[in-house]
Structure formats: C-alpha cells, structure tokens
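Reviewing the structure listed below.
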Amino acid sequence: MTKLKLAVIGCGRIADNHLRAVLANYRDIEVVALCDVIKNKALMEKLGYRIEVNEKDIPVNLGEIIHPEKINMYSDYKEMLQKEDIDICVICTESGYHAEIAIYCLNHNKHIIVEKPMAMSIKDADEMIKTAKENNLKLAVCHQNRFNKTIQKLRQAVDGGKFGRIFAGTARILWNRNKAYYDKGNWRGTWKLDGGCLLNQCTHNIDLLQWMMGSEIDSVYGQIGNYLHSYIQAEDYGSIIIRFDNGAIGNIEGTVNVYPKNLEETLTILGEKGTAVIGGLALNKILVWDFEDKKDSLEQVKKECDSEDGNIYGGGHVPLYQDFIEAIRDNREPLISGEEGKKSLSIILMAYKSQKDSRAIKYSEGLDINSRDFEGMLNGS
Ligand SMILES: NC(=O)c1ccc[n+]([C@@H]2O[C@H](COP(=O)([O-])OP(=O)(O)OC[C@H]3O[C@@H](n4cnc5c(N)ncnc54)[C@H](O)[C@@H]3O)[C@@H](O)[C@H]2O)c1
C-alpha cells in the first residue's frame, strides 16, 4: 500500500511529537514537507537531528526511514499546497490560527490533524467540521491522552457499566507556569491566539471528563480570574461546573498558579458501584480503582495500564496517528473527530461566557462564542 504523505504546518515545540508519531508509523505514512513562517532550512536540519538523537522507539535503523534531504521546507503553507503532493496536513501553529489554516487545507482536499484546541470559536469549529464533511475528508483533534492505556481502561469500565450510575466526575489540573514559560511566545495567554489555563493547559483533562460522563452538555457555570499573571490577558485560575443531560455533574478546577511547582493532574469518576482516580504526569497512572464487582484489583490494573512516559504530553500521539491512518483507509471517523474536539472547546468558551454574563449558560442557546469576546474582561481582576 502506498504511504500517505504528510506535511506539518507550524514547527515549534509540539511539532516534535508529531514527527515522532509519523516515524513510529513509518510503514503507512511519511513526512514530505514542513512549513513555518519564521523558519528556514536550519530548522529542518535541527528537526532531523533532534529526531535522530532522541527517538528510541523505532524498531529500525533511523537512517533507513529519515531522509531530511527529501523533505521540502516552506514558509507559506499555501505555496506548499500548490507545489507538493500531500494527503494530510498537521496543524501545530498557535491555536488562534488553527481554524483558518485547517479550512484552507480542507478546501484543498487535505485530511487534517489539528492540535488542541481545534479553534478559538464555536463558529470556526463548526465550519471546520462542515468543510471536512462536505469534502469527505477526515478531521482529528489532538486530545492524545484519550489513547492512554489508563484512560482506555477507564472508558471500558464506563462502557461496561462497572460504575453503575455515574453521578459526578472531577478534573483537577493544579500546575505552575511562570513568566519564563509565557515569555517563550508572545501569543501565550492572549485571548486571540491562546486563551488562559483552561483553554491551553486544562483542555485535555476537560475533554476526558466529558468523554467519561457519557452524555451531552446541558449547561455550564464558570468563574475565572487572573490572580498572579498580570503579563497575560486571560485566566490563570478557573472553576467550572457542568450539568450533563443525564443529570451528572462535572467539576473542573484548573490553574497555573500553584506554588512552587506542578502539584496534581487527576481525573476522578464517581459512580454508585465504583470509584476511580487517574493521575500521573500525563494521566498515565491509576491511583484509585475500587469497584463493587471486585473483578480487578488496583495492583492488577496498575500493572496492565500504568506507564512511565517521561514526556509531559504523554505517548498518545503515536496511537492517535494509527487511528487516523485507519480512519482514512477504512473511511470512518477518527476517535477524536471534529465533533469530539468541539465538546471541550464549547465547555471552556461557555465557562468564559458564564463569567462575563454572570449566569449559567445553556448549550441549547445556540451558541456563537469567540474567545475574542472576552478581551479586556480580566483586566484588573
Ligand atoms: N497536544 C498537546 O499536548 C499540546 C502540547 C503543546 C502545545 N499544543 C498546541 O500546539 C500548538 C502549538 O504550540 P507550540 O507550543 O508548539 O507553539 P510554538 O510557538 O512553539 O510553535 C508554533 C509555530 O507555528 C508557527 N506558525 C505560526 N503561523 C504559521 C503559519 N501561518 N504557517 C506556518 N507556521 C506558522 C510559528 O512560527 C511557530 O514556530 C498550540 O495550539 C498548542 O495549544 C498541544
């Protein structure tokens, strides 16, 4: 079978994880072009070098599958699409550019893997989903932690009815991001290109929480503030309560203010017949697993599912790519489709609107929320 040809647009920090995922799936997929507005050939050499020295998991001689000299570099993605034969575009730019680039690429017949959050407005997310559908193309959003063994195990427990009635779940992301972190990119913490801790750091866990609750969103109440990061526009602390259609409640506490360093990232699910807590650096360890059926012990599930992945982004990009390749080959939706990616985005934008309007926001209101609606909202908070 011919390999799918892939291009990465935006070659900053997270692009490495994508290139590793391509290499791990080298039988099915290859990188043919890289694009970054501020980069030149030096970047490609750097990328090739970084991959060669860092990659441990590829079961072949890297020299046989990496040919940096065959990868063309561009600074304009539109020119790249004109000149290259590409099946998949991976969008790793600042979040505020995702939608515009994705829609352009979809209209040029490319499948899309887009980094989280998929867009900065509900309207843009809808437009991306619609354009993919109209062109019969696949669109996946990088919520890679859904592929963690721990998370897959938890979802199987939910699907298998192990919890009985699930009445609540909690996502806690208690992290520290200091000025040096925000200084790495002037887009960070802006309403136009990033949002605050909920939209950037907490979006994965919010995605997982809503995925486990097995129900659509009814309403969202949110309170946010910027307490310790006067040099960013958006929130550094947020608290959200979600009411789901099935009556269950989701609680979210997210912050980048914890002194003096990251404290906790956990996902807790509470049901009438079971309790589970997942934690670890990237939700890769089972901390509590206690069910009425007593079919599996904490020790068993830890042995089966815990991983020692030292990467804060986890190991999920590799299976996400596997799923995406299969989705293209089998003409089915990827696990984290555009519709799926839109759910966490909606929760967070609804929480921002809730703060602005001082009320709970109903999903049924027919929402048109854009992160830019909140410019200036937290000044002086
Ligand atoms: N899935 C995850 O766990 C995860 C982790 C980190 C970041 N992210 C997401 O990835 C995205 C990028 O984050 P990052 O930390 O890599 O940012 P970054 O600032 O390191 O990189 C972004 C790159 O995009 C480039 N760019 C901007 N506009 C472009 C354009 N029109 N064409 C080509 N290149 C363009 C910039 O020059 C920059 O090099 C963000 O949306 C972020 O939320 C996801």
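Counting starts at 1 for both ligands and their atoms, in listed order.
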* Considering the options Ile29, Leu320, Leu6, which one meets the side chain to side chain contact (heavy atoms under 4.5 Å, CB included) requirement together with Ile325? ->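 Going through Ile29, Leu320, Leu6 one by one, the side chain to side chain contact (heavy atoms under 4.5 Å, CB included) with Ile325 is satisfied by Ile29 alone.
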* Within 45° of the ring axis of Tyr104 and under 6.0 Å from its six-membered ring centre, is that where the NZ or CZ of Lys78 lies? -> yes
Atom indices of ligand 1 within 4.0 angstrom of [X] heavy atoms, with elements:
X      : answer
Val37  : 26 (N), 27 (C), 28 (N), 29 (C), 30 (C), 31 (N), 32 (N), 33 (C), 34 (N), 35 (C), 37 (O)
Arg188 : 15 (O)
Ile9   : 32 (N), 33 (C)
Ser95  : 40 (C), 41 (O), 43 (O)
Cys142 : 1 (N)
Trp187 : 13 (O), 17 (O), 19 (O), 40 (C)
Gln144 : 1 (N), 2 (C), 3 (O)

For ligand 1, is any non-hydrogen atom under 4.0 Å from [X]'s backbone (N, CA, C, O), its side chain (CB onward), both, or neither?
X      : answer
His204 : side chain
Met118 : neither
Glu115 : side chain

* Does an N or O anywhere in Tyr97 fall below 3.5 Å from an N or O of ligand 1? ->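 Min N/O separation from ligand 1 is not below 3.5 Å for Tyr97.
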Donor-acceptor side-chain pairing of [X] and [Y] below 3.5 angstrom:
X      : Y      : value
Tyr237 : Gln223 : no
Tyr227 : Glu235 : no
Asn176 : Asn262 : no
Asn72  : Lys83  : no
Lys153 : Asn148 : no

* To do: Evaluate side chain to side chain donor-acceptor pair (under 3.5 Å) for Arg188 paired with Tyr181, printing each intermediate quantity in order.
  => CA-CA 9 Å; Arg188 294 179 188 279; Tyr181 165 85; 2.9 Å; yes
With the threshold set at under 4.0 angstrom, would you say [X] reaches ligand 1 through any of its heavy atoms?
X      : result
Gly185 : no
His98  : yes
Lys184 : no

* Asked: Which of parallel (below 30°), tilted (30 to 60°) and perpendicular (above 60°) describes Phe374 and Trp191?
  ->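 Rings of Phe374 and Trp191: tilted, 30 to 60°.
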* To do: Between Ile14, Asn186, Val8, flag the one that comes closest to atom 4 (C) of ligand 1 by a heavy atom.
  =>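 The residue whose heavy atom sits nearest atom 4 (C) of ligand 1 is Ile14.
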* Asked: Sub-3.5 Å donor-acceptor pair from the side chain of Gln355 to the main-chain atoms of Tyr352, do we have one?
  ->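 No, Gln355 side chain to Tyr352 backbone: no donor-acceptor pair under 3.5 Å.
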